[in-house]
Enquirer: 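Would you mind keeping the following structure in view while I ask a few things?
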Amino acid sequence: MADDNIMKTAYVNESEESAQDLPGVAELPPTTIWGKFLDKIKLDSSSSERRSNEDLDPVPWERRTWRWYNLALYWISDAFSPSGWRAAASLMEVGLSWRWSLFNIALANIIMSIVVTLNSHPGARYHVCFPVFSRVPFGFYFSYVMVFMRMVTGIFWYGIQTYTGAECVRSLLFAIWPSFRNFPNALPASANIESNFMISWFVYFMLCVPVHLIRVENTRWYFLFKCSIVPIVGFAIMGWTVAAAKALPGPSLFAQGNTISGAKFTWAFMSTLYSNMGGSTTFATNASDYSRYTRREYSILFQLIALPFSNTLMAAMGVIGAAGTLKIYGQILWDPLLLIDNWTSPGGRAAAAFCAIAFIISQIGQNISANSIAAANDLNCLFPKYINIRRGQIIAALIGAWALTPWNILTSATAFLSFMSGYSIWLSSIAGILFSDYWLVHRMKYDIHELYKPNGIYRYNKWGYNWRAAVAFTCGWVPLLPGFIHSINPNVNLINNMQRLYYLGFFYAFFGAALVYWVLCYFFPQQETYVEFAVLPPGNPLDDEEIIEGVEAGSNSSDYGVEKKY
């Protein structure tokens with residue numbers, strides 16, 4: 001026991017200055033090909049002592065270029081996409097009316113906007129990304145497990161979204177060259193992809209690469225560009241379907257009510273609510289990846305309006321568009337790409353080409369905002385000496401779009417697709433612990449210096465993990481495991497109560513993990529992690545001497561942190 005206390009004291013009191021006093025040892029140049037390659041790609045800004053680099057450090061003032069409207073446009077940009085248009089389809093297919101479907105989508109996004117905003121605050125205040133501030137609740141080294149889990153999610157969904165992007169390119173090529181529909185297929189049936197779609201896939205991927213090279217703080221311009229085009233296209237498609245279907249006879253989708261009732265309706269509503277929320281759990285963890293680029297903490301509040309409003313509006317457009325196609329084509333076309341593929345006249349093809357271009361722009365933006373930058377931050381954290389955000393995005397794109405062969409997953413690996421769809425039970429637990437630690441346990445008071453010290457106060461013990469977070473994380477997902485297994489293999493027998501608990505997956509995983517973590521920290525606090533003041537990175541250099549009411553500048557600062565009292 002005494003040895004443990006001595007070791008813990010050593011971890012806490014270790015300083016960079018003491019390390020600098022040690023005699024230097026000349027580093028020998030690498031002799032192997034692999035060693036020379038690693039030495040060649042090593043980042044100039046990387047720091048082995050702090051296990052960080054320029055993109056992992058707190059964002060400096062000059063790179064905090066996002067304002068409140070940039071965050072709002074970010075969410076509007078994410079919502080206006082083919083997947084957002086199709087959002088209500090699965091709900092109506094299980095028996096919900098269009099009104100209940102839209103209410104379900106709105107409720108899911110309102111709840112998620114609250115969670116996202118709460119978990120955005122560490123980024124807005126400390127200007128660090130998820131992989132860095134997750135070290136506080138999980139411990140310096142155990143946080144790498146959480147980072148890896150989120151990285152897997154981001155890379156996987158990047159590949160799935162690439163499939164939709166390739167569909168957008170294919171619709172564009174159909175509109176420009178109608179003969180492309182009959183392009184000869186040279187690939188075997190076992191490939192699960194045809195030649196014309198593979199061409200579309202390659203074109204879409206090459207269009208993505210230049211956008212991946214944009215610095216994160218500058219992606220706000222891309223989202224502004226997307227928001228100035230895609231909503232116009234959405235309203236145009238919706239207006240055309242309403243006008244074309246207005247005078248036509250036939251059944252109306254709006255006349256369809258609920259086809260299920262009672263308990264079946266209740267649990268269908270909850271399962272679809274969980275599904276809609278589960279798709280946004282990556283945002284609940286990666287919210288700080290963008291909020292870290294804001295200059296004012298209040299900027300994150302505008303997400304509370306932008307996120308639910310934009311997603312519900314896009315889903316409503318999808319419902320209206322689908323209602324029109326039922327009269328026009330005699331079948332419901334939930335996919336806007338299938339809708340524009342039916343515009344085969346010369347004028348229709350021109351309109352289809354314009355819409356397809358807009359959807360390509362939309363899909364690139366959605367894949368970047370939801371997946372590639374999150375995965376890049378995770379890769380950056382795991383390999384800070386060699387990977388920054390730009391390199392991480394390219395690596396994530398190559399793995400997600402090509403190595404995973406998403407066309408095989410979507411056509412033949414349904415069990416794996418179900419597995420990744422239910423992956424949110426783990427992410428929800430992570431998000432709950434992040435929320436609990438920041439707002440309830442440490443009361444928004446972190447030390448920015450210690451976040452970058454492998455042997456600092458957030459190491460917790462010699463293994464670098466916080467057992468409280470490990471227990472809370474386990475309690476968050478283990479009870480949901482039977483329902484998760486049943487979702488992958490419906491042949492597995494399961495009692496109704498276990499399946500219904502799975503339908504409440506987000507609520508249980510998030511609040512269950514958050515509550516267990518708070519209780520454990522209350523009764524078994526790690527005292528050295530509780531700091532009296534919030535130690536923040538420096539703000540506007542012109543305001544260094546400014547004293548704001550409720551904020552007191554401290555005396556102990558560093559190259560990347562100043563102490564402020566809250």
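None of the values given here were measured: they were computed from a predicted structure. Starting from 1, each residue takes its place in the sequence as its number. Atoms considered below: every heavy atom in the structure, side chains included; atoms not considered: hydrogens, waters and symmetry mates.
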Enquirer: If only side-chain N and O atoms count, and only distance matters, is there a donor-acceptor pair under 3.5 Å linking E217 with T65?
Expert: no
Enquirer: Counting only heavy atoms not in F309, do more than 12 sit closer than 6.0 Å to its CZ atom?
Expert: no
Enquirer: Between F283 and Y74, how do the two ring planes meet: parallel, tilted or perpendicular, split at 30° and 60°?
Expert: perpendicular
Enquirer: Using the side chain to side chain contact (heavy atoms under 4.5 Å, CB included) rule, take N367 and C208 through it: C-alpha gap first, then chi angles, then the decisive distance, then the call.
Expert: CA-CA 9 Å; N367 222 352; C208 287; 5.6 Å; no
Enquirer: Distance only, no hydrogens: is a donor on one side chain within 3.5 Å (strictly under) of an acceptor on the other, for S195 and N185?
Expert: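 There is such a pair (donor and acceptor under 3.5 Å, judged by atom type) between the side chains of S195 and N185.
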Enquirer: For F205, look at atom CZ and say whether over 12 heavy atoms of other residues, nucleotides or ligands are found less than 6.0 Å away.
Expert: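 Yes.
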Enquirer: Does F148 CZ have over 12 foreign heavy atoms under 6.0 Å away?
Expert: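 No, not enclosed.
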Enquirer: Test Y438 against F435 for side chain to side chain contact (heavy atoms under 4.5 Å, CB included), laying out the working first.
Expert: CA-CA 5 Å; Y438 184 72; F435 158 79; over 6 Å; no
Enquirer: Hey, does the side chain of S97 reach the backbone of N258 with a donor-acceptor pair shorter than 3.5 angstrom?
Expert: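 Not at all, since once roles are kept as given, no pair shorter than 3.5 Å links the two residues.
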Enquirer: Has the side chain of N119 got a donor or acceptor atom that lies under 3.5 Å from a matching backbone atom of A284?
Expert: yes
Enquirer: Mark yes or no: R295 above the aromatic ring of W61, with NZ or CZ under 6.0 Å from the six-membered ring centre and no more than 45 degrees from the axis.
Expert: yes
Enquirer: Do we see a donor-acceptor contact under 3.5 Å between the side chains of Y502 and H486?
Expert: no
Enquirer: Compute whether any side-chain donor of one residue and acceptor of the other, for N104 and N276, lie under 3.5 angstrom apart.
Expert: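 Per modelled atom types, N104 and N276 side chains form a pair under 3.5 Å.
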Enquirer: With distance as the sole test, does N311 use its side chain to make a donor-acceptor pair with the main-chain N or O of L307 at under 3.5 Å?
Expert: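 Yes; judged by distance alone, with no hydrogens or angles, the pair exists.
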Enquirer: Has the side chain of T281 got a donor or acceptor atom that lies under 3.5 Å from a matching backbone atom of M277?
Expert: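 No, T281 side chain to M277 backbone: no donor-acceptor pair under 3.5 Å.
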Enquirer: Ring centroid separation for F180 and F183, is it under 6.0 angstrom?
Expert: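 When the ring centroids of F180 and F183 are compared, they turn out to be within the sub-6.0 Å range.
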Enquirer: Would you say the side-chain atoms of N377 and N286 include a donor-acceptor pair closer than 3.5 Å?
Expert: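 No.
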Enquirer: Decide whether Q303 and W75 meet the rule of one side-chain donor and one side-chain acceptor closer than 3.5 Å.
Expert: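 A donor-acceptor contact under 3.5 Å links the two side chains.
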Enquirer: Aromatic ring centroids of W407 and F197 under 6.0 Å?
Expert: no
Enquirer: Would S171 and D341 count as having a side-chain donor-acceptor pair, cut-off 3.5 Å?
Expert: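 Yes.
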Enquirer: When you look at CH2 of W177, are more than 12 heavy atoms from neighbouring residues, nucleotides or ligands closer to it than 6.0 Å?
Expert: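 Open: at most 12 neighbouring heavy atoms sit under 6.0 Å from CH2 of W177.
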Enquirer: Say whether N408 and N192, considering side chains only, have a donor N or O and an acceptor N or O under 3.5 Å apart.
Expert: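 A donor-acceptor contact under 3.5 Å links the two side chains.
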Enquirer: Quick one: does W66's side chain get under 4.5 Å of R292's, heavy atoms only?
Expert: no
Enquirer: Quick check: do R181 and R170 have side-chain heavy atoms less than 4.5 Å from each other?
Expert: no
Enquirer: Less than 4.5 Å apart, any side-chain heavy atom of E167 and any of S200?
Expert: no
Enquirer: Take atom CZ in F202; do more than 12 heavy atoms of anything else shown fall under 6.0 Å from it?
Expert: no
Enquirer: Decide if atom CZ of F225 counts as having more than 12 heavy atoms of other residues, nucleotides or ligands within a radius under 6.0 Å.
Expert: no
Enquirer: Please lay out, stage by stage, how N109 and I105 fare under the test side chain to side chain contact (heavy atoms under 4.5 Å, CB included).
Expert: CA-CA 6 Å; N109 283 283; I105 292 170; 3.4 Å; yes
Enquirer: Are a donor atom and an acceptor atom from the side chains of S299 and R67 found within less than 3.5 Å of each other?
Expert: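 No - no donor-acceptor pair under 3.5 Å links their side chains.
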Enquirer: Between F484 and W426, does the ring-ring contact (aromatic ring centres under 6.0 Å, His included) criterion hold? Intermediate values first, please.
Expert: CA-CA 11 Å; F484 174 68; W426 286 279; 5.2 Å; yes
Enquirer: Salt-bridged, R135 to D437, with N to O below 4.0 Å?
Expert: no
Enquirer: Ignoring hydrogens, what is the shortest heavy-atom contact between S101 and L96? Give both atom names and the distance.
Expert: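 Looks like OG-CB, 3.6 Å.
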Enquirer: Which value, rounded to the nearest 0.5 Å, describes the distance between Y274 atom OH and I425 atom CD1?
Expert: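 If we round to the nearest 0.5 Å, Y274:OH and I425:CD1 are 6.0 Å apart.
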